[in-house]
Amino acid sequence: MPTHTEHTRRAWLGAVAAAVAAATLSLGAQTTPQAAVDAAYNKYKTLKEGKNADYIPALAKVDPNLFGIALITPDGKVYSAGDIKTEVSIQSISKVFTMAQVIQEQGTESVEKRIGVDATGARFNSIIAVEAVRTVAGTGAPEMNPLVNPGAISATSMVTGATADAVWNKIIGFHDDFAGRQLKVLQDVYKSESDTNQRNQAIGALMLAYGYIKSNWPQAVDLYTRQCSIGVNAKDLATMAATLADQGKNPITGKQVMDPAKVPAVLAVMATAGLYDDSGKWYYHTGLPAKSGVGGGIIAVSPGKFGIAVVSPPLDDAGNSIRAQRAIADISNALGGNPLASKPR
Ligand code: DON
C-alpha cells in the first residue's frame, strides 16, 4: 500500500513527466511567455493538494487559495497570472540573498570555507545533518551549505556591522535592491516565529560550539528570523529571481546589485540545495537553480532568459509549494528554459 508520501511523489513525477512531454510539443508551437504562464495558472488553479506549514502558527492562517505567478525577462517585461500583489513571508528564499550578500562582500571563498557548499540530503532544519557533517569533516572541511538552517544562520552571522540594527539594515537593504522596492517585515510572522523558534536557537548555539558562528548566536538567530519574516509578493520574488537571471542587474530598476562574476556561485548552491532533500529531483526535471520557502513561494532562474516566481502556500512533505513546483516546471519547459538543454550556437 503506497504511503501518503509515496502518493505525493508519484503524482509529482507524473505531473512533471507530462509537463516535459507537453513542453516538447509546445516548443515547436512557439509558445509565448504569457501563454505559458496563463496555461499553467489555469491548469493548477483548482489543485487542492498539500497543506500550509503550521509549525510557525502564523503560516497556518494564510489563505491556501492564494496563487500568483510572475515571470520577468532581462528586458524588464513582466508576464503574470493570478494574485501577484498579496504578500507572504519570504522564509527560506531569504537565505539566497543573505548568502549572496556575504559572497558579494567577502568573496566566493568566504562561504565555501566557513560553511561549505555541499548538499546535506537532509531536512532543512536537521540537527543530525550538523552532527553527520561534523563526523565527515574530521579533516576540518565544512560540508554544510547556506540554504539549510544551520548554514543560513551561520551566513547571517557573517554579515558585518557594528550593531544588530546596522547588520539588519544591510540585510533588508540588499533584499530591497533585488526586489526593486522597500520591503517590510510582517510583524505577526516575526512574532509567531520568534515565539516558536527554539529549534533554531539550539542550531545557533550548536553552530557557535562548532565554530561556524564566531560570536553572539542569539543575534544571528534573531536576524535570521527577521529576514525570514520579510513580506514579498509574486512580483517581488520574480524581480529578485530575474536579477539573478540578468547577472546581478535588476531588470526593473536597472541597478547592478551584485558583481556579475559572483552570481554563478549563488546559482550553483541553489541548484544543489534549493529545494532541500528534493533538490536533485527538481534539478533532474527542470535544470533550474531554484529556492523554496515554507511561506509558499518558490523562485527559479533561467540564466539570461528569465526569473520566475510562484506563490501558493500548500506544501508537500519536503516543505516545497506543490502548485509552485508544477507551474514553474511547466512554464520553463514550455519556454525552453532548461539551461542544461541549450543548443549549440
Ligand atoms: O527556519 C525556519 O524554520 C523558517 N524560518 C524557514 C524555513 C523554510 O522556509 C524552509 N523552507 N522550505
Side-chain angles (χ1 to χ4, degrees), residues 8 12 50-60 62 87-99 119-127 129-130 144-157 168 171-172 175 185-207 213 217-218 220-232 237 240 269-270 272-282 289-300 309-325 328:
T8 311
W12 155 247
K51 176 165 147 329
N52 283 26
D54 56 9
Y55 73 98
I56 300 169
L59 302 187
V62 178
E87 292 182 1
V88 293
S89 52
I90 188 168
Q91 295 297 339
S92 283
I93 300 171
S94 68
K95 291 167 175 163
V96 169
F97 301 98
T98 303
M99 163 178 70
T120 62
R123 281 189 68 77
F124 62 86
N125 56 3
S126 171
I127 291 174
V130 178
M144 185 56 64
N145 72 74
L147 298 184
V148 288
N149 288 15
I153 295 167
S154 305
T156 301
S157 81
W168 172 248
I171 291 174
I172 186 114
H175 283 71
V185 166
L186 300 177
Q187 291 299 333
D188 59 327
V189 177
Y190 174 50
K191 178 166 186 336
S192 181
E193 185 161 351
S194 297
D195 288 346
T196 54
N197 70 351
Q198 290 75 21
R199 188 184 178 98
N200 282 341
Q201 293 178 43
I203 289 173
L206 208 51
M207 297 313 268
I213 294 180
W217 67 261
V221 173
D222 178 54
L223 292 175
Y224 164 80
T225 307
R226 268 199 247 179
Q227 76 179 47
C228 287
S229 309
I230 293 172
V232 282
L237 289 174
M240 296 169 101
V269 186
M270 291 170 73
T272 52
L275 268 71
Y276 302 106
D277 35 334
D278 274 352
S279 299
K281 202 179 325 138
W282 168 261
K291 183 72 200 84
S292 61
V294 292
I298 296 185
I299 61 170
V310 174
V311 169
S312 168
L315 311 178
D316 65 13
D317 296 334
N320 300 313
S321 166
I322 293 183
R323 285 199 290 203
Q325 290 177 79
I328 294 172

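Read the numbers this way: they start at 1 and go in the same order the structure lists the ligands and their atoms.
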Atoms of ligand 1 under 4.0 Å from any heavy atom of Glu193, numbered from 1 in the order shown, are 1 (O), 2 (C), 4 (C), 5 (N)

Per-atom filter on ligand 1: closer than 4.0 angstrom to a heavy atom of Gly319 are 12 (N)

Please report which non-hydrogen protein atom sits nearest to [atom], along with the residue it belongs to and the distance in Å to one decimal place.
| atom | result |
| --- | --- |
| atom 4 (C) of ligand 1 | Gln91 OE1, 3.1 Å |
| atom 12 (N) of ligand 1 | Tyr276 CE1, 2.8 Å |
| atom 3 (O) of ligand 1 | Tyr55 OH, 2.5 Å |
| atom 1 (O) of ligand 1 | Tyr224 OH, 2.6 Å |

Examine [X] against ligand 1 and note whether any of their N/O atoms are separated by less than 3.5 Å.
| X | result |
| --- | --- |
| Lys291 | no |
| Lys95 | no |
| Ile56 | no |

Any donor-acceptor pair under 3.5 Å from [X] side chain to [Y] backbone:
| X | Y | value |
| --- | --- | --- |
| Ser192 | Val189 | no |
| Ser157 | Ala220 | no |
| Arg226 | Trp168 | no |

Under a 3.5 Å threshold, yes or no: a donor from one side chain and an acceptor from the other, between [X] and [Y]?
| X | Y | answer |
| --- | --- | --- |
| Tyr190 | Asp222 | yes |
| Gln325 | Asp316 | yes |
| Ser229 | Glu193 | no |

Within reach of ligand 1, part of [X] (heavy-atom separation under 4.0 Å):
| X | value |
| --- | --- |
| Asn320 | neither |
| Cys228 | side chain |
| Asn197 | neither |

Self-check item: CD1-CG distance between Ile230 and Leu186, expressed to the nearest 0.5 angstrom
Solution: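 With rounding to 0.5 Å, CD1 (Ile230) is 9.5 Å from CG (Leu186).
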
Practice task
Could you tell me the separation between the CZ atom of Arg199 and the OG atom of Ser126, rounded to the nearest 0.5 Å?
Solution key: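 Result: 7.0 Å between the selected atoms.
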
- Message: To check you understand the geometry: which heavy-atom pair defines the closest contact between Ser292 and Ile298, and what is its length?
- Response: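 So the two residues come closest at CB-CG1, 3.8 Å.
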
- Is there a heavy atom of Asn125 sitting under 4.0 angstrom from any atom of ligand 1?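 The answer is no, since Asn125 has no heavy atom less than 4.0 Å from ligand 1.
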
Practice problem: Out of Gly295, Ala53, Ser92, indicate the one that has the non-hydrogen atom closest to atom 8 (C) of ligand 1. | Solution: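 Of the listed residues, Ser92 has the closest heavy atom.
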
